[in-house]
Peer 1: 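Take this structure, written in structure tokens, and hold onto it; I'll ask about it next.
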Amino acid sequence: MQIVSSAAAMQRLAKKWQRAGTRIGFVPTMGYLHAGHISLVHEARRRVGKKGRVVVSIFVNPTQFGPKEDLANYPRDLKRDLQLCRAAGVDAVFTPGDAEIYPGRAEGRYSTYVVEETLSLGMEGVSRPTHFRGVTTVVAKLFNLVLPDVAVFGQKDFQQAAVIQRMVADLNFPLKVVVAPTLRESDGLAMSSRNKYLDPEQRAQATILFHALQAVSAAVKKKTVSAAQLQTDLKEFITAAPLARLDYVEFFDPETLAPVAKVKPGTQMALAVFFGKTRLIDNARL
Ligand code: PAF
């Protein structure tokens, strides 16, 4: 497994593979890998085959964190990440520093960003106003360096995947975006690097997100329900976990992400819940 830290070296390697006709599968991450990330690696391998190359990037992207968010404390464990990548059959891990991805930013000389202007406005875009600008910018840059044929993202970040798919279509990136299912702990909690922040009590109550998704799925199987009513009911439902604070719960069309008034099977539901300073998200097609 190759470990590449310079942007130029990553692009050289990708171009070499491209010239040889080798397909490249790519899993962008911020590290602190868990089984959910590894399932994306396996999906990338399935897509490019044994002869293809799978690249994982590990980069805690500063531009997608707001000023009051957890950038400095974001969990990092490169040694363990590299072991997991090696065991999963990754061909190259790209581990750039900030200056490789944002040359001149520390000196105020970086000034180019990619902005998606529709799908990124609701939900996460309301709670984290500069988040998607950072995501689309870094993902576009990583695509230019890794030159993937296939890039795999997790369904847990449903809105992120939709924004990236739109960016890829709008900017003619020559690659396929694959969205792979969310991996869950045995009690239903969606796997996330941020679960590490939860204390034991918060961790026990964090299943409330999954239970909310299940409860609404069951309710809409029986009858169409108004989104406003469900939002009111869910505020009450979440109080069963006294350490939880609901940030948002939204019901929307899975293609356009436009909010719907009536919730029925096929509607997408997403929610964000705080436990102390830790913010967890989850979603499901009802
Ligand atoms: O989903 C993530 O881990 C990040 O948002 C991503 C796509 C790696 C961009 O930094």
Side-chain angles (χ1 to χ4, degrees), residues 4-5 7 10 25-41 43-44 54-66 69-78 80-81 84-85 88 90 92-98 100-102 105 110 113-116 119-120 123-125 127-146 148 150-168 171 173 175-183 190-197 270 272 278-283:
V4 184
S5 55
M10 183 66 245
F26 179 40
V27 181
T29 81
M30 297 208 298
Y32 211 71
L33 304 181
H34 50 69
H37 293 112
I38 301 306
S39 74
L40 306 184
V41 169
E43 184 59 36
V54 173
V55 179
V56 170
S57 63
I58 296 179
F59 177 62
V60 182
N61 174 33
T63 64
Q64 69 187 77
F65 288 79
E69 293 182 8
D70 52 346
L71 172 62
N73 300 327
Y74 196 82
R76 291 162 168 89
D77 190 344
L78 185 59
R80 186 172 163 276
D81 288 349
L84 289 171
C85 286
V90 170
V93 180
F94 180 39
T95 56
D98 287 8
E100 287 292 317
I101 296 294
Y102 297 111
R105 184 167 175 266
Y110 185 89
Y113 293 88
V114 177
V115 180
E116 191 285 328
L119 304 179
S120 55
M123 299 184 281
E124 293 298 291
S127 298
R128 308 179 70 192
T130 55
H131 173 66
F132 282 122
R133 181 182 87 141
V135 171
T136 41
T137 300
V138 80
V139 171
K141 289 174 68 78
L142 291 168
F143 285 170
N144 285 334
L145 298 174
V146 176
V150 180
V152 188
F153 293 85
Q155 171 109 41
K156 184 178 77 69
D157 297 292
F158 185 87
Q159 187 180 11
Q160 167 173 282
V163 168
I164 288 167
Q165 278 172 313
R166 176 64 63 86
M167 176 188 81
V168 163
L171 299 185
F173 279 102
L175 61 95
K176 182 176 171 58
V177 173
V178 172
V179 184
T182 304
L183 243 64
M191 287 188 188
S192 163
S193 306
R194 289 191 166 97
N195 293 349
K196 174 191 155 59
Y197 298 139
T278 307
R279 189 167 166 282
L280 303 180
I281 59 173
D282 206 344
N283 71 89

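Everything numeric here is computed off the predicted structure, so don't read it as measured data. Order of listing sets the numbers, starting from 1, for every ligand and every atom in it.
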Peer 1: Looking at residues at least two apart in the chain, or sitting in another chain, which of them share a side chain to side chain contact (heavy atoms under 4.5 Å, CB included) with Ser192?
Peer 2: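 Testing Ser192 for side chain to side chain contact (heavy atoms under 4.5 Å, CB included), a comparison that skips the adjacent residues, returns Lys156, Arg194, Asn195.
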Peer 1: Tell me every residue that passes salt bridge (charged side-chain N to carboxylate O under 4.0 Å, His left out) with Glu100, counting only those two or more places apart in sequence or in another chain.
Peer 2: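 Glu100: no salt bridge (charged side-chain N to carboxylate O under 4.0 Å, His left out) contacts found.
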Peer 1: Between ligand 1 and the protein, which N/O pairs are shorter than 3.5 Å?
Peer 2:
residue	atom	partner	partner atom	Å
ligand 1	1 (O)	Gln160	NE2	2.8
ligand 1	5 (O)	Gln64	NE2	2.9
ligand 1	5 (O)	Gln160	OE1	2.7
ligand 1	10 (O)	Gln64	OE1	2.6

Peer 1: Give a yes or no answer on whether the side chain of Ser193 reaches the backbone of Tyr32 with a donor-acceptor pair at less than 3.5 Å.
Peer 2: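 The answer is yes, because a donor-acceptor pair under 3.5 Å joins these two groups.
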Peer 1: Does a donor on one side chain and an acceptor on the other come within less than 3.5 Å for Asn73 and Tyr197?
Peer 2: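 No, no side-chain donor-acceptor pair sits under 3.5 Å.
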Peer 1: Checking Leu71 now: which residues fulfil side chain to side chain contact (heavy atoms under 4.5 Å, CB included) with it, not counting sequence neighbours?
Peer 2: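 With sequence neighbours excluded, Leu71 shows a side chain to side chain contact (heavy atoms under 4.5 Å, CB included) to Val60, Pro62, Phe65, Arg76, given in chain and number order.
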Peer 1: With no hydrogens and no angle check, just 3.5 Å: does a side-chain donor-acceptor pair link Tyr102 and Asn61?
Peer 2: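 Indeed, the side chains of Tyr102 and Asn61 share at least one donor-acceptor pair under 3.5 Å.
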